[in-house]
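Reviewing the structure listed below.
Just so it is clear: chains get the letters A, B, ... in the order the sequence lines come, proteins before strands, and each one is counted from 1.
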There are 2 protein chains.
Amino acid sequence: MPMATSTYHHGDLPSALRAATVELITERGPTGFSLREVARRAGVSHAAPAHHFGTSKGLLTSVAAEGFRTLVEAFDAAVEGRHDPIDRLNAMGKAYVNTALNHPGHFGVMCTDELIDQSDAAFVEASTGAYQRLLDGITAIRDAHNPNLDVDAAATMTWSAVHGYAVLHSALPGVAEKNERVLATMEETMNSFTQMMMDGYRAR
Amino acid sequence: MPMATSTYHHGDLPSALRAATVELITERGPTGFSLREVARRAGVSHAAPAHHFGTSKGLLTSVAAEGFRTLVEAFDAAVEGRHDPIDRLNAMGKAYVNTALNHPGHFGVMCTDELIDQSDAAFVEASTGAYQRLLDGITAIRDAHNPNLDVDAAATMTWSAVHGYAVLHSALPGVAEKNERVLATMEETMNSFTQMMMDGYRAR
DNA sequence: ATTTTCTGCTTGACAGTGTCAAGACATGAC
DNA sequence: GTCATGTCTTGACACTGTCAAGCAGAAAAT
């Protein structure tokens, strides 16, 4: 019997279920997720989650929203004390990849459109906040370096590149290795990304 | 009884199962995939797939390899007749996204590391071929425009950006809309990507 | 203080799933 | 013909998500 912390029987079952979900996905991947196993780990019956989250989609959506909130925190912490726009965007990119790699349980469901309900209010608020940080960062670069920069296109490419890198992070080494290529570390790669996004492929 | 086309009882059950898998994933997404439903659609018993592919992972791996082979074909068709390196890479990028969007059944499993067996020989061969095309394309740009270009870093960023864009394609509009942003079409976006990858965010 | 209502959770059932073992059965070799 | 081989079926197992019903304890009403 855990000491009931605040609310009711269990204390805070929704949070416990989210935590168990994250733990489970971290261990076994999004595929290995099972509502009943989550209930088991939280010490409740197999139908308890349904009472709080409806279907399993509801639980995963809640986890995804939590993930976006931690991402926003990581963004804010990363730019803390930095003033150069390029430096800030670089830090945000690293924060994104680090968050993705350090929170695979969250990240694995954050950007899927069939595991979660993208129209969920809490999810929309959290994900919108993250996107807004990115737009702000790129707008600052536009103002400082290039008034003609298409902020939306740049935001799409930046998010895509960083997200794609995080997604492919486990797949790329294998493929590169077969082509007898050695890939740089995440830090170095992200620095290269930043430089290329500023200067492009062409020699300046 | 279908007229046995070539080989044995069914004709070519492995191909039929791959086709049914692609159809099913296209309809219901990777999550909606079910080995038994695939068997049903192919008109065989629920355990028939296991005989050819072992577990469901084996079947999905085979589908992923098929996807990479069509991707390679799309790459080769896209650069056909083009000679400017930048133009060729741009065409490959569009081919990648088009292939991803037009073959969701394949794409949904191609870059996952838990649904498939990345060490499968046929899969390695197909995915390696695709990566080699990308490396060749970027090497050509290095030779033509910037001898100091880090080909590996550029390849990683390019693949990441294009892959991320394809993955996020269904999620981005929703997020952008909440931020009251209007996103461009795929063609326009890819052209912007190409230009930014060449010239960067800074004004030249 | 007793009753009622309601919320949080449990129990039991249902159809569906992947995988395994055993068997059927057409085909090819001999 | 007999035999073996590779292809597929049948049946079983433990497991899954979801639903309906019921239970128990907290809160509210009386």
Show which side-chain atoms of residues 50-58 of chain B pair as donor or acceptor with protein atoms under 3.5 Å away, not counting sequence neighbours.
from, atom 1, to, atom 2, distance (Å)
B:Thr55, OG1, B:Lys57, N, 3.2

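Rounded to whole Å, atom P of D:dT7 lies 12 Å from atom CZ of B:Phe53. The distance from atom NE2 of B:His52 to atom C1' of D:dT5 is 14 Å, rounded to the nearest whole Å. In this structure, the CG atom of A:Leu17 is 13 Å from the P atom of D:dG17, given to the nearest Å. One atom, CG of A:Leu13, and another, P of C:dT7, lie 16 Å apart when rounded to the nearest Å.
In terms of modelled atom types and a separation under 3.5 Å, the side chain of B:Asp199 and the main chain of A:Gly200 share no donor-acceptor contact. For B:Tyr201 (side chain) and A:Ala154 (main-chain N/O), a donor-acceptor pair under 3.5 Å exists by modelled atom type. A:Glu114 contributes a side-chain N or O that, together with a main-chain N or O of B:Thr31, makes up a donor-acceptor pair within less than 3.5 Å.
A salt bridge does not link B:Glu73 with B:Arg69: none of the charged nitrogens is closer than 4.0 Å to a carboxylate oxygen.
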Item to complete: Run the numbers on A:Ile141 and A:Met198 for side-chain contact (heavy atoms from CB on, under 4.5 Å), then give the verdict.
Response: CA-CA 10 Å; A:Ile141 290 178; A:Met198 291 309 127; 3.8 Å; yes
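Between C:dC9, D:dT7, D:dT9, one nucleotide has an atom nearer to the side chain of B:His51 than all others, and that is D:dT7.
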Discussion item. Each nucleotide in nucleotides 12-24 of chain C should get exactly one letter: B, S or -. Can you fill that in based on protein heavy atoms under 4.0 Å?
Written reply: BB---SBBB----
